[in-house]
Amino acid sequence: MKRVRISNAAIQPDQELATLLGLGGGALASFTGIVRDDGGVNAIELEHYPGMTEASLYRLIEAATARWALLGAMITHRVGIVPVGAPVVVVGTASLHRAEALEATAFLIDRLKTEAPFWKREHYTDGTAKWVDAKASDEARAERWV
Amino acid sequence: MKRVRISNAAIQPDQELATLLGLGGGALASFTGIVRDDGGVNAIELEHYPGMTEASLYRLIEAATARWALLGAMITHRVGIVPVGAPVVVVGTASLHRAEALEATAFLIDRLKTEAPFWKREHYTDGTAKWVDAKASDEARAERWV
Amino acid sequence: MKLVYFASVREAIGLSSEECDVPLDARTVGDLVARISARSEEHACALHDQTRLRFALDHEMVASDALLGAAQELAIFPPVTGG
Amino acid sequence: MKLVYFASVREAIGLSSEECDVPLDARTVGDLVARISARSEEHACALHDQTRLRFALDHEMVASDALLGAAQELAIFPPVTGG
């Protein structure tokens, strides 16, 4: 089971992950990214590159399933305006044993951060907005998997 | 938020994790262990050491929060008879950024496997049952965190 | 001291708990386990190989050379297999 | 070749996409980006520092020295910030 989904509407982590529970494996690992209240932020806006987004997320899932014995892997990413406290991304993997799912989940979210064509703009309570800068620490974490 | 729960009844991973979504962090990582169908197994039976079980899981959560900046951590473990396909354990952590939650989740499940007083017996479709042997690979994974 | 047994140890001994007086010369967990082994054929069989056992004193995992001190409960069980 | 722009690059140029003929002497992504810079003040401002840009040819991330080959779409954008 490999699944990529881009959603304009709110995402429910448990619904996204439900299929992974039934694959016969003993391990399900997941990561959910949530909009943080970083001092005056009331929402973020996510722009993406339709077509390339899906292709790049599928490539990441293919890379993960080539590297680890996975029974399934899924990524759901929200786009558009996302309010503080709402999930932005859900990554989940299932495997027979836990090591594979735990590592593959970290791999997928780390690589997504530097390879998938999404751009985040913070909207502040005072009505202003600002593009978020990429972080050097994200590059460093993604490099661990090369 | 630190929570340990031992349950005789079925556990719903999303309900166990719900509180972690609302702690203001940007990251929620989780691990769910599921009863695997390992050739003829139709259920496992989990025995535990009431009192020590809760104390040892709290100690693990304290160790994780001392080591990583976490906003919350929870462990729910089921005991008694658990059918194939049902969740046995849910571990979840929340943090501002993803590295802490991902690592703390792996730490908690790895250490739980070698330190928490649970014992598993496999029940087979032919009516027989057998205690599960501890795995050397679990010891090795737990050692990584020392 | 209260002795508690779990899983295959509990089954082999045929008891989940029992009381025992700690002899004056039993200073460590290992010393006491050797004494308990002498209680019956079943105890001897369940406890003869200490390397395959794990111990907890008052709910804390300890090695067989741990001092008994003033502990009130010794648990003896096989390696844990939860998760 | 179709050019597509995203995020701050899109805003700075004021367009989300446009067409361009690839000059014969533009072999790499970097060569073409230098040509596109000359289109307007806005293009020059958005594209002058290639080290702060990222590129994709036909939906695949590439470095600025990648050959254009037969690619049909070049995307220019700042470093990604999803997740």
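So that the names make sense, note that chain A is the first sequence line, chain B the second, and so on, each numbered from 1. No hydrogens, no waters, no symmetry mates; every other heavy atom, side chains included, goes into these values.
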Engineer: Test side-chain contact (heavy atoms from CB on, under 4.5 Å) on Glu54(B) and His59(C) and set out the steps.
Structural biologist: CA-CA 10 Å; Glu54(B) 294 82 351; His59(C) 292 177; over 6 Å; no
Engineer: So for Ser56(B), is it side chain, backbone, both, or neither that comes closer than 4.5 Å to the heavy atoms of chain C?
Structural biologist: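 Neither; nothing under 4.5 Å.
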Engineer: Among Arg121(B), Lys135(B), Lys120(B), Lys113(B), which one satisfies side chain to side chain contact (heavy atoms under 4.5 Å, CB included) with Thr81(C)?
Structural biologist: Lys120(B)
Engineer: Output yes when a side-chain donor or acceptor of His77(B) lies under 3.5 Å from a complementary backbone atom of Gly83(C), and no otherwise.
Structural biologist: yes
Engineer: How long is the span from the CH2 atom in Trp131(B) to the CD atom in Glu11(C), to the nearest 0.5 Å?
Structural biologist: 5.0 Å
Engineer: Take a 6.0 Å sphere around CZ of Arg52(C) and say whether it holds more than 12 heavy atoms from other residues, nucleotides or ligands.
Structural biologist: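 Incorrect, the count does not exceed 12.
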Engineer: Which pair of heavy atoms, one from Ala134(B) and one from Val80(C), lies closest together, and at what distance?
Structural biologist: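 So the two residues come closest at CB-O, 4.0 Å.
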Engineer: Find the distance between CH2 (Trp119(B)) and CZ (Phe77(C)) and round it off to the nearest 0.5 Å.
Structural biologist: 5.0 Å
Engineer: Check each atom of Asp133(B) against the heavy atoms of chain C and say whether the ones under 4.5 Å are side chain, backbone, both or neither.
Structural biologist: backbone
Engineer: In Å and rounded to the nearest 0.5 Å, what is the CD to CE distance from Glu73(C) to Met52(B)?
Structural biologist: 10.5 Å
Engineer: Are His48(B) and Phe6(C) an aromatic pair by the rule of ring centers under 6.0 Å?
Structural biologist: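 Judged by ring-centre distance (under 6.0 Å), His48(B) and Phe6(C) do not meet the cut-off.
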Engineer: Starting at CZ of Arg59(B), measure out to CD of Glu60(C) and round the result to the nearest 0.5 Å.
Structural biologist: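 So the gap between those two atoms works out to 4.0 Å.
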Engineer: Sort by residue number and list every member of residues 21-33 of chain C having a non-hydrogen atom under 4.5 Å from chain B.
Structural biologist: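 At a heavy-atom separation under 4.5 Å, chain B is reached by no residue of residues 21-33 of chain C.
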